[in-house]
2 protein chains.
Amino acid sequence: MVLIASTIKDVAKYTGLSIATISKYINGGNVREENKKLIDEAIKALDFRVNEIARGLKTNKTATIGVLIPSLENIFLTSIVSRVESILLQYGYSTIICDYRQNKELENQKFDFLMNKFVDGIILVPLGINEDKIKMALEKDVPVILIDRSIKGIDCDVVLVDNLNAAYNAVELLFTKGHRRVGIICGPQDIYTAQERLKGYIRVHEDYQIKIDDALVKYGDYEIQSGMELMNYFLEMENPPTAVFVTNYEMTLGAVMALNSRNISIPNEMSLIGFDNIQLANVVKPKLSIVVQPMQQIGEFAANLLLKRMKGDKSGYPAMLRLKTDIVEGESIKVINSFI
Amino acid sequence: MVLIASTIKDVAKYTGLSIATISKYINGGNVREENKKLIDEAIKALDFRVNEIARGLKTNKTATIGVLIPSLENIFLTSIVSRVESILLQYGYSTIICDYRQNKELENQKFDFLMNKFVDGIILVPLGINEDKIKMALEKDVPVILIDRSIKGIDCDVVLVDNLNAAYNAVELLFTKGHRRVGIICGPQDIYTAQERLKGYIRVHEDYQIKIDDALVKYGDYEIQSGMELMNYFLEMENPPTAVFVTNYEMTLGAVMALNSRNISIPNEMSLIGFDNIQLANVVKPKLSIVVQPMQQIGEFAANLLLKRMKGDKSGYPAMLRLKTDIVEGESIKVINSFI
DNA sequence: CCTCTATCGTGAAACGTTTAGCTCTATATT
DNA sequence: AATATAGAGCTAAACGTTTCACGATAGAGG
């Protein structure tokens, strides 16, 4: 039983060649055919594998990239990450996934951790990252790709969806079915996506020349509980909206729970358009209409952009990839008045 | 702008002390008070941080543990992982999370990857891991903790839930409400949890002296689609069950979708008890009754056991921690005949 | 036969740490 | 006063690679 891993030195000894030659071969250099065979044999016999730690020490490359997200329990994010991971693997990169639990301090800490691990690149869903850290990384030639959210005032590659028009389209759909009093359950306004989604809500009202009733614009925190509370708030208004647009998955969950617990019928008594999770949409009765984001695509774009940057290709920097969302229609929107 | 990170050598130069002294101080050795101050100052001035790669090369410790799971898009797993990660962080450990996409080959590959990264310990949800790999890891003094599933015939610490009695209790609940024809949608029988859950179903039938109708025992693959198909199968039987026990989250989703799409009323026309996701349970109308696993606890137990092993404490090896599940009752089970 | 070039191989330094073993000094013990 | 002990610091080797600069060999071209 080989307890101590064999090193390049052992391979050298076994073959009678020098360490330098073995290293050259491993890294794709020219070696006589005869010696290639010999080295292969030795590697097999000794079960040799490169010590990545030692290699990393010399090369400052680790063939590892870091992914830093606010929560592991968010299926929207983990879907993206899963795709990223699978693409990078094809190019020989491994992935370290970190979760900063919506905690800005932890986010900064873990960013440092990744840099300390000498990852070759970082994919980040930012919340309160210290901009200097990103600059520092880029200066050290560690590319950083932001996903889902951008940070104003900083040049950085970013892959996200067109949240503004996602919201625009969702609310527009309600308008075309005759709704005029449309409530919105927003996210926290220090989060980029939440700002954009609110902007879309506002713009579509402008374009349709419908005045916004401020009482219909409520701010949640992207968690289930607030979705529930704010839907309850709407239901208790003297003049409630006829439809509500909920701007993320968790709050959509909460909103549905609120409706269910009060036995409000969807869409007869309240129309609803939600966000992000097609499985959720299908399991609710009647099926929910929702905005879906192209998670797979976000992952692919981010991974490919990162690969490009790691190759040293800085063209088009900073890139801003803005993908389009879709609406999957269920039966959660009542047709009050169709113009079509 | 410091582009090249400063090393221990720079700190030595700055302070006039030797490298060895700096290293000693960093690692908690004795140094004169006066020099401590000096070194601290130097570290701050030079923004020095230990190069973990170099340290790892010397010590063969990386203060990093690996987590290997079949899917990142499984909230049950990511909840556990999130907890594990947060506990280990408190002890200075960082976590590399890998996803093997339900692919046994990838699982083995990534296990190797983690070993290559010289993680100090591994937490694994096994599917088709090569047992030799686990033995090899243990021999190299890298503790391995299995979670959710054990592997027969191999000595290894494991943290899981009592799946057998989880199923037993779920079906028993149906029995106490008067159901006698209870269908089960099982998982793939090469997965440990699926076997155990089926065993529970069988045992409770024995204990209640109810004969099992083989037509009521169907095997899915733990994915949404098969939950849907198998529920449809039950609904189309000439003599359908009055209640169905679905043995994981995804298939529960599918089963609910099938019921909804056929407009079957829960629980009047079909009773249901599902698995694993309390949010799902609350969003379905009427609320679903489900078996819930103690994700947080699993995470805690696994993390603490791993910490213990990494300290070298081998007491009680191999440990088998078998946690209990709960049933959260909704309104998805019709009372046919109550004996209470 | 000489020179040039290309190919293959090597020795040795370097990456940034840790650590064994040593020296030196100051204090405590007898 | 002599000796033991403990504390603080240092030198140098080691971890397992990569890579630079060079040497050796052999065939080609003149």
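All values below come from the heavy atoms of this structure, side chains included, with hydrogens, waters and symmetry mates left out. Convention: sequence-line order gives letters A, B, ...; per-chain numbering from 1.
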Take atom [atom1] of [X] and atom [atom2] of [N], then tell me their distance rounded to the nearest Å.
{"X": "B:Asn30", "N": "D:dA6", "atom1": "CG", "atom2": "P", "result": "13 Å"}
{"X": "B:Leu57", "N": "C:dT19", "atom1": "CG", "atom2": "C1'", "result": "14 Å"}
{"X": "B:Ile53", "N": "D:dG16", "atom1": "CD1", "atom2": "P", "result": "15 Å"}
{"X": "B:Asn116", "N": "D:dT17", "atom1": "CG", "atom2": "C1'", "result": "14 Å"}
{"X": "A:Ile22", "N": "D:dT18", "atom1": "CD1", "atom2": "P", "result": "11 Å"}
{"X": "B:Lys9", "N": "C:dT17", "atom1": "NZ", "atom2": "P", "result": "9 Å"}
{"X": "B:Glu52", "N": "C:dT17", "atom1": "CD", "atom2": "P", "result": "9 Å"}
{"X": "A:Asn60", "N": "C:dT17", "atom1": "CG", "atom2": "P", "result": "11 Å"}

For A:Tyr25, answer base if it contacts any base atom (sugar-phosphate contacts may also be present), sugar-phosphate if it contacts only those atoms, and nothing otherwise; contact means non-hydrogen atoms under 4.0 Å. nothing

Please classify the nucleic acid contact of B:Phe118 as base, sugar-phosphate, or nothing, using heavy-atom distances under 4.0 Å. nothing

Is any side-chain N or O of [X] closer than 4.0 Å to OP1 or OP2 of [N]?
{"X": "A:Ser23", "N": "D:dT17", "answer": "no"}
{"X": "A:Thr21", "N": "C:dT10", "answer": "yes"}
{"X": "B:Asn27", "N": "C:dT18", "answer": "yes"}
{"X": "B:Asn51", "N": "C:dC15", "answer": "no"}

Short N/O separations, protein against nucleotides 21-25 of chain D, under 3.5 angstrom:
none

Is it the case that the side chains of [Y] and [X] hold a donor-acceptor pair, with the cut-off being a distance below 3.5 Å and no angle test?
{"X": "B:Thr64", "Y": "A:Lys117", "answer": "yes"}
{"X": "A:Ser82", "Y": "A:Ser79", "answer": "no"}
{"X": "A:Asp40", "Y": "A:Tyr25", "answer": "yes"}
{"X": "B:Tyr100", "Y": "B:Glu105", "answer": "no"}
{"X": "B:Gln102", "Y": "B:Tyr222", "answer": "no"}

Which nucleotide wins on minimum distance to the side chain of A:Ala20, given the candidates C:dT10, C:dT17, D:dT18? C:dT10

Which of D:dT18, D:dT11, C:dT18 is nearest the side chain of B:Thr59? It is C:dT18

OH (B:Tyr317) with more than 12 external heavy atoms under 6.0 Å: yes

side-chain hydrogen bond (donor to acceptor under 3.5 Å, both in side chains) partners for B:Lys24, two or more places apart: none

Taking the side chain as everything from C-beta on, heavy atoms only, tell me whether A:Asn108 gets closer than 4.5 Å to A:Lys133. yes

Select from A:Arg32 and A:Ile19 the residue whose nearest nucleotide in DNA chain C is closer to the 5' end of that strand. A:Arg32

If you pin B:Lys58 and B:Ser18 to their nearest nucleotides in DNA chain D, which one's is more 5'? B:Ser18

